[in-house]
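Worksheet: one structure, shown below.
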Amino acid sequence: MSPFRASSAVLLSAVLALPAFAQPKPADGALVGANGMTLYTFDKDTAGNGKSVCNGGCATNWPPFMAADSDKPSGDFTIVTRDDGKKQWAAKGWPLYYWAKDTKPGDKTGDGVNGTWQTAKP
């Protein structure tokens, strides 16, 4: 194996060993999760009240962008507590969700669904 290839393999394994970027991040005019998938907000939530109203079947179609217990709020990104006690990321007070019908990074098929779901903006 060439020295370049060996060092590339070591670098790649080091990068993969890093913890996933937990907070939402901007990409192509939207906020995305660590997996690169678009995040959404729900108009029936109330910004800043620390809760999500999308539970049960709603959360099946719109999976919450979960936060680990060790994650810490920073800047516009806060953490809300769901009805089940689990933690979820929020941007500018709005809880963040994925859309089950998005299939790859860059998809934004949930924008405007039922007139209540919006692509989360940076």
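A 4.5 Å side-chain heavy-atom check between Pro24 and Leu96 finds at least one atom pair inside the cut-off. A 4.5 Å side-chain heavy-atom check between Tyr98 and Asn35 finds at least one atom pair inside the cut-off. Here the side chains of Tyr97 and Pro63 are not in contact, with every heavy-atom distance at 4.5 Å or above. Between Thr41 and Lys92, the closest side-chain pair of non-hydrogen atoms is not below 4.5 Å. Taking 4.5 Å as the limit, some side-chain heavy atom of Tyr40 sits within range of a side-chain heavy atom of Lys108.
Each of Thr78, Leu39, Ile79, Leu31 was compared with Trp89 under the side chain to side chain contact (heavy atoms under 4.5 Å, CB included) criterion, and only Ile79 meets it. Just one of Lys44, Lys86, Arg82 meets the side-chain hydrogen bond (donor to acceptor under 3.5 Å, both in side chains) condition when paired with Ser52; it is Arg82.
Judged by distance alone, with hydrogens and angles left aside, the side-chain atoms of Asp102 form a donor-acceptor pair with the main-chain N or O of Thr109 at under 3.5 Å. Between the side chain of Asp111 and the main chain of Thr119, a donor-acceptor pair closer than 3.5 Å is present.
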Carefully, step by step, assess Trp117 and Trp62 under the rule ring-ring contact (aromatic ring centres under 6.0 Å, His included). CA-CA 10 Å; Trp117 291 94; Trp62 299 92; 3.8 Å; yes
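Between the side chains of Asp71 and Gln23, no donor-acceptor pair is found at a separation under 3.5 Å. Judged by distance alone, the side chains of Lys87 and Thr81 do bring a donor and an acceptor atom under 3.5 Å apart. In summary, the side chains of Trp99 and Thr38 do not present any donor paired with an acceptor at a separation below 3.5 Å, with no hydrogens or angles considered.
Salt bridge absent: Lys101 and Asp107 never bring a charged side-chain N and a carboxylate O closer than 4.0 Å.
Shown here is Asp69, whose CG atom has no more than 12 heavy atoms of other residues, nucleotides or ligands within 6.0 Å.
Met37 and Phe77 end up in the same hydrophobic cluster when Ile, Leu, Val, Met, Phe, Trp and Tyr side chains are linked at under 4.5 Å.
For the pair Pro95 and Gln88, the tightest heavy-atom approach, listed with the atom from each and the gap, is CB-NE2, 3.6 Å. When all heavy atoms of Pro122 and Gly29 are compared, the closest pair comes out as CD-O, 3.5 Å. When every heavy atom of Cys54 is checked against every heavy atom of Ala59, the shortest pair comes out as SG-N, 3.5 Å.
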